[in-house]
Amino acid sequence: MTRQAMDMLDTAILVIFLAICIGTGWKAVFEANHRALFYNEINLEDKNTSKKNGYDVKEYGDYDGAISQMEVVLMTQIQDYNMPYPRTVKINGTETPVIAAYKSYLNTYGESAWNSVKGDDASSRYYIYYRYGATDGGVMEDQWFEIARYEKEGESHE
């Protein structure tokens, strides 16, 4: 065989080999893509509906973005020293400094939060705001979390 014939044979074998590899590879890629899309479709389903091997939620909340009195107290238990400076939580105008995350301080935070909300109606709802303070020069500083009672239009808890 001449050199030209050998080059043509090598090219033909290469083309056949590539066709086989690409054909089987594309099949695997399409199957993997189909599986991924199927899993995404399952994960995007509503998690609140009952389904096979899932949970059935029979009780629904308000979904108004507000929290209850007990949730306000619970929220103070998860604040720690890594929160933004000056590390303060304001609840109904009562300022509570967060100085440490030790268990001995958590009771103090909880008592302070409860004393701030215990005079409100038991059905009161509260919103959490992240407040910024600004200096006279317009520099943003003194961030804190503020928890304020939510009142619907026409309602007053006082």
Side-chain angles (χ1 to χ4, degrees), residues 1-91 95-110 113 117 123-153:
M1 285 179 111
T2 64
R3 182 173 167 90
Q4 266 185 332
M6 291 297 287
D7 287 343
M8 288 176 63
L9 182 63
D10 285 345
T11 305
I13 291 172
L14 177 66
V15 168
I16 292 170
F17 179 74
L18 286 175
I20 292 170
C21 291
I22 290 173
T24 57
W26 275 111
K27 181 178 186 262
V29 166
F30 284 129
E31 287 175 359
N33 186 39
H34 182 271
R35 255 193 328 270
L37 291 174
F38 177 70
Y39 292 148
N40 286 342
E41 184 178 324
I42 289 173
N43 288 333
L44 290 175
E45 286 181 9
D46 185 5
K47 303 290 189 214
N48 293 328
T49 59
S50 59
K51 56 188 173 193
K52 184 178 179 186
N53 300 328
Y55 297 103
D56 188 7
V57 178
K58 294 184 168 87
E59 184 177 318
Y60 296 95
D62 294 344
Y63 298 114
D64 60 355
I67 59 177
S68 68
Q69 282 181 329
M70 291 300 129
E71 289 169 329
V72 169
V73 175
L74 180 62
M75 196 208 79
T76 63
Q77 302 301 294
I78 61 171
Q79 300 303 315
D80 65 4
Y81 195 69
N82 293 323
M83 67 185 295
Y85 185 81
R87 300 179 184 94
T88 301
V89 176
K90 290 183 181 179
I91 303 171
E95 189 172 315
T96 304
V98 177
I99 55 175
Y102 302 117
K103 285 185 178 182
S104 58
Y105 289 102
L106 293 180
N107 287 337
T108 306
Y109 303 153
V117 297
S123 62
S124 294
R125 307 288 289 165
Y126 302 86
Y127 278 122
I128 302 172
Y129 299 99
Y130 189 69
R131 300 288 188 200
Y132 294 96
T135 62
D136 292 334
V139 177
M140 300 299 261
E141 61 179 24
D142 297 332
Q143 305 91 0
W144 67 86
F145 289 105
E146 182 175 356
I147 302 172
R149 186 175 61 234
Y150 165 69
E151 293 184 14
K152 295 179 183 172
E153 285 185 32

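All heavy atoms count here, side chains included; hydrogens, waters and symmetry mates do not.
For Phe17, the ring pair (Phe, Tyr, Trp, His ring centres under 6.0 Å) test picks out no residue, with sequence neighbours left out. With sequence neighbours left out, Thr24 forms a side chain to side chain contact (heavy atoms under 4.5 Å, CB included) with no residue at all. Residues forming a side chain to side chain contact (heavy atoms under 4.5 Å, CB included) with Ile128 (at least two apart in sequence, or on another chain): Ile67, Met75, Phe145, Ile147. Considering only residues two or more places apart in sequence or on other chains, Ser68 meets the side-chain hydrogen bond (donor to acceptor under 3.5 Å, both in side chains) condition with Glu71. Considering only residues two or more places apart in sequence or on other chains, Tyr129 meets the ring pair (Phe, Tyr, Trp, His ring centres under 6.0 Å) condition with none of them. In this structure, the side chain to side chain contact (heavy atoms under 4.5 Å, CB included) partners of Ala5, at least two apart in sequence or on a different chain, are Met1, Thr2.
Expressed to the nearest 0.5 Å, how far CD1 of Ile16 lies from OG1 of Thr11 amounts to 11.0 Å.
The stretch residues 18-32 participates, sequence neighbours left out, in these salt bridge (charged side-chain N to carboxylate O under 4.0 Å, His left out) pairs: Lys27-Glu31.
Between Arg149 and Tyr126, the shortest heavy-atom contact is CA-CD2, 3.5 Å. Listed here is the closest heavy atom pair of Ile91 and Val89: CG1-CG1, 3.8 Å.
By the 6.0 Å contact criterion, CE on Met70 is enclosed, its count of non-hydrogen atoms from other residues, nucleotides or ligands being greater than 12.
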